Amino acid sequence: CKTSVALLGTSASVEQIASARGATSIAVWLDPDKAGRAAGHKLSRTLKLQGFTVRSIRTERDPKFYSNREIRRLLS
């Protein structure tokens, strides 16, 4: 099962991280600006320390500007 969580900001809550407990790997994709890159690095580090395999997705545009088809391609 593939699940996605919208952070609506630059940090994940304890509940959002807990909802990923059944996952073996997680993709982190935040905005490409300075705040998004810093938050993505911090979140990836936190998830790795909890035992997840983490893949960072970096794009030139904010995730919200991609179509569903482009998102599926980036996540595969």
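Since we're looking at a predicted model, the values are computed, not measured.
- How far CG of L74 is from CH2 of W29: 5.0 Å, rounded to the nearest 0.5 Å.
- Heavy atoms from other residues, nucleotides or ligands lying under 6.0 Å from CZ of R55 number more than 12.
- The minimum heavy-atom distance between V54 and S44, with the atom names listed, is CG1-OG, 3.5 Å.
- Across all their heavy atoms, I17 and A12 have their closest contact at CG1-CB, 3.9 Å.
- With rounding to the nearest 0.5 Å, the separation of CG in L43 from OG in S56 is 8.5 Å.
- Note that CD of Q16 is 5.5 Å distant from CG of L7, once rounded to the nearest 0.5 Å.
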Practice problem: Give the C-alpha distance, both sets of side-chain angles, the deciding distance and a yes or no for side chain to side chain contact (heavy atoms under 4.5 Å, CB included) between L75 and I57. | Solution: CA-CA 8 Å; L75 291 174; I57 298 175; 3.3 Å; yes
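- Enclosure of atom CZ in R61 by more than 12 non-hydrogen atoms of other residues, nucleotides or ligands within 6.0 angstrom is indicated.
- Taking 4.5 Å as the limit, some side-chain heavy atom of P32 sits within range of a side-chain heavy atom of D62.
- There is a side-chain donor-acceptor pair under 3.5 Å between R21 and Q50.
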Exercise. Give the C-alpha distance, both sets of side-chain angles, the deciding distance and a yes or no for side chain to side chain contact (heavy atoms under 4.5 Å, CB included) between L47 and V28.
Key: CA-CA 10 Å; L47 293 167; V28 174; 3.9 Å; yes
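- E70 and S67 share a side-chain donor-acceptor pair at under 3.5 Å.
- Contact record, F52 with A20: CE2-O, 3.2 Å, taken as the closest heavy-atom pair.
- Once rounded to the nearest 0.5 Å, the distance linking OG1 of T10 with CZ of R37 reads 13.0 Å.
- The nearest pair of heavy atoms linking G36 to D33 is N-OD1, 2.8 Å.
- Atom CZ of R73 and atom OH of Y66 lie 8.0 Å apart (nearest 0.5 Å).
- Between atom CZ of residue F65 and atom CG of residue D31 there is a gap of 8.5 Å, rounded to the nearest 0.5 Å.
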